[in-house]
Amino acid sequence: MSHGQDALSGQNEFIFPAVKPLYDKPLVLTEGQGVRVRDIDGREYLDLFAGILTTSVGHCNPKVIARMGEQLGRLGHTSTLYVTKPQVEAARQLASIAPGELSQTFFTNSGTEAIESAIQMAFVHTGRSEVICLRQSYHGRSFMTSNLTGVGSWRPLATSFPGIKHVQTPYPYRCPYKQPCDDSCVEKFTRDIEDVILTTTNGKPAAFIAESVMGVGGYIVPPKGYFERAAEIIRSYGGLFISDEVQSGFGRSGDHWFGIEHSGVEPDIMVMAKGIANGAPVGAMITRPEIAESWKAKTISTFGGNPISMAAASATLEVMIEENVPQRAAERGGQLLEGLQKFQDQFDWIGDVRGRGLMLGLELVENKEEKIPFPARAKALLESCKEEGLLVGIGGMNGHVIRLGPSLLITASEIEEGLERFGRACHKLENR
Ligand SMILES: Cc1ncc(COP(=O)(O)O)c(C=O)c1O
């Protein structure tokens, strides 16, 4: 049995079966460097998905590795019972790039935990217990966060967590009000927030939570003005605005550090994870001091704020600042978008190309007129990209959106190479 087969049969025997790797024959990855990874048989791939937008400054970034190694040799664990410089330093760096007065951070081990903490924070601060969220959103895998999530296939239980209300997705490509959708649809999309508050809550919601660019939903960018109006509505009912920046944070959306900054809205609470520490397990919730101080109960995290993870976060943030990743994401994202739009012109089954910065999606449809989702084509394209040595992701309600989100340090020639491979993968499907 080859090493690859051995790993795959071990996966089937010992790993929880609901954890489904991508591809008909799952990839067994063993090495990574920058934007390239290698499988167990030595085949190299250009990685345009970065472990779900997480290796933000490239696989095995030397500065991040060095800082983690140094910290591991000095002090590997303390718990939050003790003060450590790496945790304070990472929090200070976050405060320096976070919008407005967001300055106090609680570190967790994942995005899920950070979202849980943010919702709890909003409940504690407002003394309320109802939350408004979006359909087609993804917020995590725990009991509460899978209930916040608005994609049925990621919700394992019929039992509902109380107090969670879903409102209409501001989804321009499938806008029911006007085609093409424009800013005039904002009032209609946001009216649903107010309707849901008035009809299905006691009129006192604790918060509205949304991803500034919807990730798992298929890189949906709400129309201009949506967040301003949504924040105005939730605040007029005394609730907080929570921005989920787990995918869209840290320059990913281009030009700004956080996706929500493309609007004029300053969130009350912001949640981060994924790209924050280049793959080390770190999540974070940041808020203003007057909100943070209303949490009076004791709280602790054994691993949250762990010195090795914090060293990774600090080093990653330093690289991001040095390299000005918001600008890089805007430039390289523009280049990638332009290349993908050319494929949209060539193929009737690429209905929409969208996103922000270096988080771009292609919505695949049976044809551009009817816009019927085409998940079989998306699956075939995923496999075809793999044959071309290219890793991409998949998402959308029906699994019909191809998602791209490479390292923020990707170069212009690597983007060119990615587009060439992607083009060959598309043409292969036409010829099949
Ligand atoms: C927007 C968003 N929020 C929260 C999460 C949950 O993060 P984690 O998988 O680290 O628990 C994810 C994960 O994909 C996400 O995309």
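Start at 1 with the first residue, then count along the sequence. In listed order, ligands and their atoms are each counted from 1.
What sits closest to atom 16 (O) of ligand 1 on the protein, heavy atoms only, is Gln247 NE2, 2.9 Å. If you check which protein heavy atom lies closest to atom 3 (N) of ligand 1, you get Asp244 OD2, 2.8 Å. When hydrogens are left out, the protein atom nearest atom 10 (O) of ligand 1 is Gly111 N, 2.8 Å; that is the closest non-hydrogen contact. Nearest to atom 9 (O) of ligand 1 among the protein's heavy atoms is Thr112 OG1, 4.4 Å.
For the 3.5 Å distance criterion, the side chains of Thr411 and Glu414 qualify, holding a donor opposite an acceptor. Counting only N and O atoms by type, the side chains of Ser142 and Thr145 include a donor and acceptor under 3.5 Å apart.
Evaluated for a side chain to side chain donor-acceptor pair (under 3.5 Å) with Ser253, the options His262, Arg356, Glu261, Glu245 yield exactly one hit, His262.
Between Glu331 and Arg328 there is no salt bridge, since no side-chain nitrogen of the basic residue lies less than 4.0 Å from a carboxylate oxygen of the acidic one. The existence of a salt bridge linking Glu187 and Arg191 is excluded, since no basic side-chain nitrogen approaches an acidic carboxylate oxygen closer than 4.0 Å.
The atoms of ligand 1 that sit less than 4.0 Å from any heavy atom of Lys274 are 13 (C), 14 (O), 16 (O). Heavy-atom proximity to Ser110, at under 4.0 Å, picks out these atoms of ligand 1: 10 (O), 11 (O). Numbered from 1 in the order shown, with element, the atoms of ligand 1 that lie under 4.0 Å from a heavy atom of Glu211 read 1 (C).
Residue-level proximity to ligand 1 for His139 is carried by the backbone, the only part with a heavy atom below 4.0 angstrom.
A distance of 3.5 Å separates CG in Asp244 from CD1 in Ile115, rounded to the nearest 0.5 Å.
Remark: Arg36 is not positioned above the aromatic ring of Tyr45, lacking an NZ or CZ atom under 6.0 angstrom from the ring centre and at most 45 degrees off the axis.
Geometrically, ligand 1 and Gly140 share no nitrogen or oxygen pair separated by less than 3.5 Å.
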